[in-house]
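All remarks here apply to the structure that follows.
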Amino acid sequence: MNERYEPHSIEARWQERWATAGVFEAGRRPGAEKRYVLEMFPYPSGAMHMGHGRVYTIGDALARYLRMRGYDVLHPIGFDALGLPAENAALKDGRHPAERTRENIVGFRAEMKSLGYGFDWGREIVTADPEYYRWNQWFFLKMLERGIVYRRQGKANWCTGCQTVIANEQVVDGHCERCESPVVEKIIPEWAFRITAFAQDLLDGLDGLKDWPERVVTMQRNWIGKSEGAEVDFAVQGSSEKIKVFTTRVDTIHGCTYVVLAPEHPLVARVTAPARRAEVEAFVARMKQTDVEARTGEGAPKEGVFTGAHAVNPFTGETVPVWIANFVLAEYGTGAVMSVPAHDQRDFEFARKYGLPIRVVIQPEQGDRLPAGDALAAASTEDGVLEASGPFSGLRSADARRQMSAVAKEKGFGQPTVRWHLRDWGFSRQRYWGTPIPIIYCAEHGAVPVPEKDLPVVLPPKAIITGTGEPPLAKVPEFVNTTCPICGKPARREVETMDTFVDSSWYYARYLSPKDSTRPFDPEQARRWLPVDVYVGGPEHAVMHLLYFRFWHRVMRQLGLVFEDEPTRRLVTQGIVNGPDGRKMSKRWGNVVAPGPMVKKYGADTLRLFILFAAPPEKDIDWSDEQVDGLFRFLARVWRIFVARQECFGAPAAALAQASGDALELRRRTHRTIQRVTDAFEKELKFNTGIAALMELVNALYQLEPKTDPDRAAVREALVAVATLLSPFAPHVAEELWHEMVGAAGADRLLAAEPWPTFDPTLVAADTVTIAVQVNGKLRGEVQAAAAAGQDEVRALAEADEKVRSHLQGKTVRKVVFVPKRLINFVVG
RNA sequence: GGCCCUCUGGCGGAAUGGUAGACGCGCUCGACUCAAAAUCGAGCGGGGCGACCCCCCGUCCCGGUUCGAGUCCGGGGAGGGCCA
């Protein structure tokens, strides 16, 4: 065998062998239990970066391990190819997004293959392919039928200069990125998914996601944001109008000293007193031009004006002034709030600023009483006991809320209500590079769905992309002009496209039968493969993508396509790969390290090993040239020990049983290493400790110079273990070494498809152990004892130790704590 | 401001409540070499003390629970994430 480790002379060869043998194809072990390992598919907007390298390396190590454990493993890959960045890039260099995307995908594929990722390439999908997005359209039609898709009036950013809708990303400080004209909010019709209809189910489902990171579950829970409260109607004095407010703190309503409407609230125009009209209108106009962040963001001053109107608190009959203010938004709740300055901080600040009264109605259950409102330093937002609240005085907040909303309902001026933070998902985009929405507008029949048989509605290859936000498809007559499916008269197609989050909401299912041209995927395959067992991706998708993904799964379940409650059982969120300086990799800092050049320099195995060894998957890591060098040296060291122990390759396994002394010790280490590496996969995913265990075994191999047959057999056993255990992490070098070792016997086999080794429990359990000896919890020595030794035996050994004896001298042993195989602690006084 | 997370040698990181610092990087020393690199081997938390055994201190800080706390509980600090 080659004296030196030369990754470039072996890696491509094994990649080819794996591909020809088809070891990564799913479905080749029909009788075996399945495992579906999925990494978030990439958005190929440029070349592959280290972040991609990390996700796929983690997923691949896991998939390779599971395959060796005998599972039928599905490990697919594809490309999230539609979307804004590709369109923006196209704008810059004038190239068509399709062309650029195709090119990037070619690059990604080549890099992924050079990294040795074991994907089932036969299942590759590209979302820009009409054969993929036709099913987005199909889902759209099904959801339209079921009322899950609907048309609504949505808010959009309208550039007053370009006279068009622009994306959030294009709004900079309330101005258009391109022409710098002010951007205002404009209400335009848009398409939306009724995800809120699934809010409760999405919330309930979170409880079952035991193998999701707690923080992701929490973020989803907060995003769904269920809050239980009450709606209460405040009558407007001298009018038949009612102001409906939503509050989670109806228990504080006796402390309400004013009511605030959102400036956009429809009642504003109707209730404003003539004398206040000019001021109110000016304020409303100004708010329309201020974005939400500036109105409600951190440090934004609370601002408002009095409308001149008054409202009646239905609980007290008291009259309070009606204001409008910047911090109340029309789209949250009812667009109106009852203000209780003593018990809400925003209301408190506002009241102080405008000299509105502050009235305390909740006292803490324990501790000091709150001073009168005027003396209050800040709002007290805790629950407590009600006072000055009529018949409800003396109740605790929680009880009061229940009783008061019941009373409101009984008397007809309110009711208990649930409010959600989650909004419906508006998915219309005024963009070209997306899935066309399959709708035809007919003068006579309105918005008509494209019949299923006419799908896909294909994106026209030629379009003028201006980036102004005006839908580019509107300018393609051969696309727009069509006929009404109902009456056949001339009609126009919808020119908006779908949000790309649609593509990624169900791709995991398309992998199951990616070439099916009659349906999105085969439900029978879903029965076999779903749910995804492990889903690996970045935590930046904790909310949007993963929520849409869970939502879509529920829709597919309603459609009878899938049968599980949730799309994925386990979620692994991986950390960022930072530059060597600890900062985020960016051209700006000049600290970008790309996987491609690293593979050229060190080979794929070193890069993979570095990524996995640096830290557990969920932690951020810093790129380190020194560490990478170190990992390369480790692989070279592994190679050298194989070279140095070639004479052991043919050692007979029968001699293993006679191993003794150092050879037996090596065998124990080998088996313990098998256990530790297996644990690294089976418990928490801590590849770093698994690799560390392998390093220890390699170090131990260097310590034993084999002299006898049993020695050589033990060495061979260890070498086999090293190659096999290393293969999920550094598959090429492992494969090469394994073949060198097994020779002709392995000629038509591949390590990638060999079974994972098992350990012998009797070898793992040491027969003698080191037991720590403590006196009063402080380490005072250690003794060697049989693993099975009991307390008395260990105590005798410990007391025989001179150091220990000196600490026990002249003291009374009050208690002895004994932990078998670990320690003995003398408690003395 | 709310919710959540993190904090361990020079660095990345290990440690079911049971010998803190596995493993790697880095550094120091030794072997090999004419020499260097590479390699192989040894050592490296701080201090008492220049080596020995030994002793003291040590996992952000303060307190608690426990025979025993990096780990559990309470309070504080610093950094980060998400939401407002």
Side-chain angles (χ1 to χ4, degrees), chain A residues 3-5 213-225 292-293 295-300 327 329 332 344-346 348-349 378-379 381 421 539-540 542-544 573 575-576 578 580 582 609-616 618-634 636-637 639-641 643-644 672-673 676 679-680 683-684 686-700 702-703 705 769-783 802-803 806-807 813-829:
Chain A
E3 289 290 308
R4 286 178 50 206
Y5 170 50
E214 182 61 40
R215 30 188 269 110
V216 174
V217 171
T218 305
M219 281 165 69
Q220 294 231 338
R221 185 168 284 122
N222 292 341
W223 189 262
I224 295 168
V292 172
E293 182 58 25
R295 269 174 60 175
T296 60
E298 186 159 8
F327 63 87
L329 299 174
Y332 285 96
D344 180 282
Q345 188 59 26
R346 281 191 306 194
F348 180 84
E349 288 167 28
T381 56
H421 174 260
E540 67 275 17
V543 177
M544 306 290 266
T573 51
I576 295 168
N578 288 317
L609 213 55
F610 166 74
I611 286 170
L612 298 173
F613 184 66
E618 64 280 5
K619 281 200 67 163
D620 288 355
I621 60 179
D622 295 346
W623 181 264
S624 160
D625 290 325
E626 291 80 12
Q627 286 281 352
V628 176
D629 277 329
L631 271 318
F632 179 83
R633 286 201 302 267
F634 168 66
R637 186 170 155 85
W639 187 276
R640 281 191 303 274
I641 196 68
V643 173
R672 268 201 296 270
T673 304
R676 285 174 64 189
D679 282 352
K683 299 186 176 170
E684 296 157 276
K686 296 194 103 180
F687 303 119
N688 55 334
T689 60
I691 294 166
L694 272 171
M695 289 172 168
E696 286 181 61
L697 180 56
V698 171
N699 291 344
Y702 271 88
Q703 302 302 319
E705 196 78 52
V769 289
T770 307
I771 291 177
V773 182
Q774 295 182 340
V775 178
N776 281 347
K778 288 199 173 189
L779 182 69
R780 295 302 178 192
E782 51 190 41
V783 294
E802 221 165 297
K803 279 174 271 175
S806 71
H807 282 95
V813 176
R814 293 192 193 284
K815 187 175 169 185
V816 177
V817 179
F818 177 65
V819 182
K821 296 185 215 176
R822 303 231 66 143
L823 70 61
I824 184 162
N825 184 15
F826 295 92
V827 183
V828 301

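Each chain gets a letter, A, B and so on, in the order its sequence line appears, and its residues count up from 1.
- Separating the CG atom in A:Leu697 from the OH atom in A:Tyr702 is a distance of 12.0 Å, to the nearest 0.5 Å.
- Taking OG1 from A:Thr689 and CG from A:Leu612, the interatomic distance works out to 11.5 Å, rounded to the nearest 0.5 Å.
- Helical stems in RNA chain B, defined as runs of 3 or more consecutive Watson-Crick or G-U wobble pairs with both donor-acceptor distances under 3.5 Å, are listed by first residue as B:1-7 with B:77-83, B:10-12 with B:23-25, B:26-31 with B:39-44, B:45-48 with B:54-57, B:60-64 with B:72-76.
- Going from atom CZ of A:Arg633 over to atom P of B:U39 covers 6 Å, rounded to whole Å.
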Can you check side chain to side chain contact (heavy atoms under 4.5 Å, CB included) on A:Glu696 and A:Arg676, steps first, answer last? CA-CA 11 Å; A:Glu696 286 181 61; A:Arg676 285 174 64 189; 3.2 Å; yes
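- A:Asn699 contributes atom CG, which lies 8.5 Å from atom CE of A:Met695 (distance to the nearest 0.5 angstrom).
- Considering only side-chain N and O atoms, A:Tyr702 lies nowhere under 4.0 angstrom from the phosphate OP1 or OP2 of B:G41.
- If you find the closest nucleotide of RNA chain B to A:Thr218 and to A:Arg676, the one lying nearer the 5' end belongs to A:Thr218.
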Protein-to-nucleotide contact annotation, 5' to 3' order, nucleotides 8-15 of chain B [B base; S sugar-phosphate only; - none; under 4.0 Å, heavy atom]: ----BSSS
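- If you check every strand for non-hydrogen atoms under 4.0 Å, A:Asp629 touches nothing.
- Separating the P atom of B:G74 from that of B:G9 is a span of 25 Å, rounded to the nearest Å.
- Residues A:Val698 and A:Phe634 meet the side-chain proximity criterion, which asks for heavy atoms closer than 4.5 Å.
- At least one side-chain heavy atom of A:Arg215 sits less than 4.5 Å from a side-chain heavy atom of A:Pro539.
- The nearest whole Å value for the distance from the CH2 atom in A:Trp223 to the C1' atom in B:A84 is 11 Å.
- Atom CG in A:Asp344 sits about 16 Å away from atom P in B:G1, given to the nearest Å.
- Taking side-chain N and O atoms only, A:Arg637 has a distance below 4.0 Å to OP1 or OP2 of B:G41.
- Checked against B:G18, B:C25, B:C57, the side chain of A:Val819 finds its nearest nucleotide in B:G18.
- Side-chain contact check for A:Phe610 versus A:Phe632: every heavy-atom pair is 4.5 Å or farther apart.
- Among the atoms of the strands shown, none is found under 4.0 Å from any heavy atom of A:Glu618.
- Rounded to a whole angstrom, the distance from the P atom of B:G45 to that of B:A22 is 9 Å.
- Following rounding to the nearest Å, A:Tyr5 (OH) and B:U39 (C1') show an atom-to-atom distance of 17 Å.
- The CE-P distance, from A:Met544 to B:C82, rounds to 13 Å in whole Å.
- Here CG of A:Asn776 is found 7.0 Å from CG of A:Asn825. Values are rounded to the nearest 0.5 Å.
- Taking the side chain as every heavy atom from C-beta outward, A:Arg780 and A:Phe826 never approach each other to under 4.5 Å.
- Between B:C23, B:A84, B:C56, one nucleotide has an atom nearer to the side chain of A:His421 than all others, and that is B:A84.
- A sub-4.0 Å separation between OP1 or OP2 of B:C54 and a side-chain N or O of A:His807 is absent.
- Expressed to the nearest 0.5 Å, how far CZ of A:Phe613 lies from CG of A:Leu694 amounts to 10.5 Å.
- Nucleotides B:G13 and B:C60 place their P atoms 14 Å apart, quoted to the nearest Å.
- The nearest whole Å value for the distance from the CH2 atom in A:Trp623 to the C1' atom in B:C25 is 14 Å.
- Heavy atoms of A:Glu696 sit under 4.0 angstrom from primed sugar atoms or phosphate atoms, though from no base atom.
- With rounding to whole Å, A:Glu782 atom CD is found 14 Å from B:G18 atom C1'.
- Between A:Leu779 atom CG and B:G70 atom P the separation is 13 Å, expressed in whole Å.
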Side chain to side chain contact (heavy atoms under 4.5 Å, CB included) assessment of A:Val783 paired with A:Thr770: CA-CA 6 Å; A:Val783 294; A:Thr770 307; over 6 Å; no
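- Taking only side-chain nitrogens and oxygens, A:Arg640 comes nearer than 4.0 Å to OP1 or OP2 of B:C40.
- Only the C1' atoms considered, B:A37 is 10 Å distant from B:U33, to the nearest whole Å.
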Can you name the atoms? Protein N/O to nucleotides 67-69 of chain B N/O, anything below 3.5 Å, with the distance.
{"residue": "B:C67", "atom": "O2'", "partner": "A:Asn825", "partner atom": "ND2", "Å": "3.4"}
{"residue": "B:C67", "atom": "O2", "partner": "A:Asn825", "partner atom": "ND2", "Å": "2.5"}

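- Using the six-membered ring where Trp is involved, A:Trp639 and A:Tyr5 have ring planes that are tilted, between 30° and 60° apart.
- Proximity of A:Lys803 to the phosphate of B:U19: no side-chain N or O atom is located under 4.0 Å from OP1 or OP2.
- Base orientation of B:G9: syn, since the glycosidic angle falls within 90° of 0.
- Between A:Ser806 and A:Gly630, the residue anchored nearer the 5' end of RNA chain B, judged by the nucleotide with its closest heavy atom, is A:Gly630.
- Spacing of P atoms, B:G43 relative to B:C25, comes out at 16 Å, to the nearest Å.
- Not one side-chain nitrogen or oxygen of A:Arg4 sits closer than 4.0 Å to the OP1 or OP2 atom of B:U39.
- More than 12 heavy atoms of other residues, nucleotides or ligands shown are found within 6.0 angstrom of CZ on A:Arg637.
- The shortest distance between the side-chain N/O atoms of A:Arg822 and the OP1/OP2 oxygens of B:U19 is below 4.0 Å.
- Atom CD1 of A:Ile824 sits about 7.5 Å away from atom CD1 of A:Ile771, to the nearest 0.5 Å.
- Between A:Arg780 and B:C55 there is a side-chain polar atom (N or O) within less than 4.0 angstrom of OP1 or OP2.
- Taking atom C1' on both B:G17 and B:C27, the two are 35 Å apart, rounded to the nearest angstrom.
- Using a 4.0 Å cut-off, some side-chain N or O of A:Gln703 falls inside it from OP1 or OP2 of B:G41.
- By the neighbour-count criterion of 12 heavy atoms within 6.0 Å, atom CD of A:Glu684 is sparsely surrounded, having that number or fewer from other residues, nucleotides or ligands.
- Between the P atoms of B:C7 and B:A14, the separation comes to 10 Å (whole Å).
- B:A15 and B:U59 have their C1' atoms separated by 11 Å, with the value rounded to a whole Å.
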